[in-house]
Participant: 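First, the structure itself, so that you have it in front of you.
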Amino acid sequence: MKKRFLSILAVLLLLVLMTGCFGQNASESDLEGIDSGVTTETQMPADENSKTEESTDGAEGTEEMPESSTEEVTTTEEAATKEEQSASTEEEKEVVLDESKAVKVWTTASTLNLRKAPNTSSEVLKVLKRGTEIKKYEEKDGWALVKAGDTAGYVSAQYIAKEKPADPTTARQEDTTASNKEQGGSKVEAIPGQHRNPNSAVVVIDPGHQRKGDSTKEPNGPGSSTMKARVTYGTTGVATGVTEYVLNLDISMKLKTELQNRGYTVYMTRTGHDVNISNKERAEYGNSVGADAVIRIHANSSDNSSVRGAETLSPSSSNPYVSHLASASQKLGKCVINAYCKATGFKNRGMKTNDTMTGINWSEIPVTIIELGFMSNGEEDKAMQDSNMQNNMVQGIANGMDAYFGF
């Protein structure tokens, strides 16, 4: 019995010892697990944190642009914005004026736009009337940097002069009075702008076209809803390769000299090729200087290379804008074409009426266009480049002007 009791006691002690060991191991394991969990959340190693962030960026990158790409796009946009801002600043920056270079000048056009930049698409700051005194600081590419009052900007250099223009009405009245006295008090016939004294006749020569055309539209006449290109390039000689705008200016400059030698006062709408003067503006210039007549110099072209000859174009009596100028303009056209063809031997195609020309429809004085000849005809094209023929062409036009004015 005693042995059996001791055996049972030994078994119980052994169970107690075994239970104590298992409990301790479990508790330690649990603590390690808790400590490890805390460490995982609060003390994650740096390399693991980096991987997690990279993984997160990568996941966002499937929906949004990766960070490096976003920076590149942002940089490009910022560069473009800076370029735009730079261009805007260039356009809007205040013009620096050197007063030591200032020259006093006057405007000669009836109205002259003062623009923010030297181009026709720039903002108009002011509209200056004829005879406005302004300061000119520099001139480049047909534009003059000027100051009108407190406003600095750019105007077309064609329409400013170092002398103040006379009042057209007053000048004509004075010339007519002087002429009447010389003629013993006789009165001038009622032909618009006619004077018996050649020195009192004012002629505007408009060399047609320019080096670069301008397709910007302008009204075909006062109040017109019909819009036409401001100015075109013109045609080109089939045999010589000479452009029309060059031929027109060559003849116009020689004609200016000839008319001045005959006592006329002559104005030119352009004296160079690198200008941008619309047909409407050319007509307005003639109005502004008090001209008595305008002669517009052009050359013709046709798809038919056999077509040849010269002609003049003047407004008809039914012209919706300048019908009141029809009679005088047609007389001018007839006088010029007849004398021109007589001097050159070119075929006389006569004076024709045309009501579609912007440069005619905006005129306030007698006007005609002379088409010198056909540059599409090889023989005529070459003839118009011959120096002797050009002298004949000039003499013929000048003789026509004399006939118109009755000199």
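Residue numbers count from 1 along this sequence. Below, all heavy atoms of this structure are taken into account, side chains as well, without hydrogens, waters or symmetry copies.
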Participant: Quick check: does any side chain N or O of T107 sit under 3.5 Å from a backbone N or O of T132, one acting as donor and the other as acceptor?
Facilitator: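 It does hold such a pair.
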
Participant: Go through it in stages, so that I can follow the logic: the residues are I297 and I295, the test is side chain to side chain contact (heavy atoms under 4.5 Å, CB included), and I'd like the CA-CA distance, side-chain angles, deciding distance and then a yes or no.
Facilitator: CA-CA 6 Å; I297 309 297; I295 179 77; 3.7 Å; yes

Participant: Side chain of E123, backbone of K116: donor and acceptor closer than 3.5 Å?
Facilitator: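 Between the backbone of K116 and the side chain of E123 there is no qualifying donor-acceptor contact (under 3.5 Å).
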
Participant: Check for a donor-acceptor pair, side chain of K228 on one end and backbone N or O of T356 on the other, with a separation under 3.5 Å.
Facilitator: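 Indeed, once roles are kept as given, a pair shorter than 3.5 Å links the two residues.
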
Participant: Looking at side-chain heavy atoms only, is the closest gap between R296 and L313 below 4.5 Å?
Facilitator: no

Participant: Does either side chain, that of N304 or that of S302, offer a donor lying less than 3.5 Å from an acceptor on the other one?
Facilitator: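 The criterion, which ignores hydrogens and geometry beyond distance, is not satisfied for S302 and N304.
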
Participant: I'd like to know if the side chain of N361 and the backbone of N220 have a donor-acceptor N/O pair within less than 3.5 Å.
Facilitator: yes

Participant: Looking at A339 and G400, what are the two nearest heavy atoms and their distance?
Facilitator: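 For A339 versus G400, the nearest heavy atoms are CB-N, 3.5 Å.
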
Participant: I'd like to check W362 versus E284 (side-chain heavy atoms, cut-off strictly below 4.5 Å). Are they in contact?
Facilitator: yes

Participant: Quick check: closest heavy atoms across I160 and A144, and the distance to 0.1 Å?
Facilitator: CD1-CB, 3.8 Å

Participant: Tell me which one of V203, L249, D206, L255 satisfies side chain to side chain contact (heavy atoms under 4.5 Å, CB included) with M268.
Facilitator: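 Only one option passes, and that is L249.
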
Participant: Of all residues at least two apart in sequence or in a different chain, which pass the side-chain contact (heavy atoms from CB on, under 4.5 Å) check with A102?
Facilitator: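 Checked A102 against side-chain contact (heavy atoms from CB on, under 4.5 Å); matches are E99, K135, Y137.
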
Participant: Return each pair, listed once, that meets ring pair (Phe, Tyr, Trp, His ring centres under 6.0 Å) where at least one residue sits in residues 234-261; pairs must be two or more places apart or across chains.
Facilitator: Y233-Y245, Y245-H273

Participant: Can you tell whether the side chains of E258 and R262 come within less than 4.0 Å, N to carboxylate O?
Facilitator: yes

Participant: Say whether, by atom type as modelled, one donor and one acceptor occur between the side chain of S363 and the main chain of I360 under 3.5 angstrom.
Facilitator: no

Participant: For the CD1 atom of I369 and the CE atom of M357, what is their distance to the nearest 0.5 Å?
Facilitator: 4.5 Å

Participant: Would you say that more than 12 heavy atoms from the other residues, nucleotides or ligands in this model lie under 6.0 Å from the CD of Q260, or not?
Facilitator: yes

Participant: Could you tell me which non-hydrogen atom of V231 sits nearest to which non-hydrogen atom of H209, and how far apart they are?
Facilitator: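 Heavy atoms of V231 and H209 come nearest at CG2-CA, 4.1 Å.
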
Participant: Is there a donor-acceptor contact under 3.5 Å from the side chain of T232 to the main chain of G213?
Facilitator: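 No: the side chain of T232 does not pair with the backbone of G213.
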
Participant: About how many Å separate CE of M351 and OG1 of T368, when rounded to the nearest 0.5 Å?
Facilitator: 7.5 Å

Participant: Between K352 and E311, is there a salt bridge with N-O shorter than 4.0 Å?
Facilitator: yes

Participant: Rounded to the nearest 0.5 Å, what's the gap from CD1 on I397 to CG on L372? Could you check?
Facilitator: 5.5 Å

Participant: When you measure from the side chain of D292 to the backbone of V202, do you find a donor-acceptor pair of N or O atoms at a distance under 3.5 Å?
Facilitator: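 Here the side-chain-to-backbone pair exists.
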
Participant: Any chance you could measure Q390, atom CD, to K254, atom NZ, to the nearest 0.5 Å?
Facilitator: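 Rounded to the nearest 0.5 Å, the CD-NZ separation comes out at 4.0 Å.
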
Participant: So, for W143 and P118, which heavy atoms are closest and what is the spacing to 0.1 Å?
Facilitator: NE1-O, 3.5 Å

Participant: Specify the closest pair of heavy atoms between E218 and A229, including all atoms of both residues, with the distance to one decimal.
Facilitator: OE2-O, 4.4 Å

Participant: Is a side-chain N or O of D214 found less than 3.5 angstrom from the main chain of R230, in a donor-acceptor match?
Facilitator: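 Such a contact is absent between D214 side chain and R230 backbone.
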
Participant: Roughly how far, to the nearest 0.5 Å, is CG of L332 from OG1 of T312?
Facilitator: 8.0 Å

Participant: Is it the case that atom CD in Q385 sees more than 12 heavy atoms from other parts of the structure closer than 6.0 Å?
Facilitator: yes

Participant: Check for a donor-acceptor pair, side chain of R270 on one end and backbone N or O of P207 on the other, with a separation under 3.5 Å.
Facilitator: yes

Participant: Name the one of E371, M375, E244 that satisfies side chain to side chain contact (heavy atoms under 4.5 Å, CB included) with N300?
Facilitator: E371

Participant: Donor-acceptor pair, distance only, cut-off 3.5 Å: does the side chain of Q330 make one with the backbone of P315?
Facilitator: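 Yes, the answer is positive, given that a donor and an acceptor are paired below the 3.5 Å cut-off.
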
Participant: Taking all non-hydrogen atoms of both residues, which atom of A148 and which atom of L114 are closest, and how far apart?
Facilitator: CB-CD2, 4.2 Å

Participant: With rounding to the nearest 0.5 Å, note down the distance linking CD in E281 to CG in N113.
Facilitator: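 Spacing of CD (E281) from CG (N113) equals 7.5 Å.
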
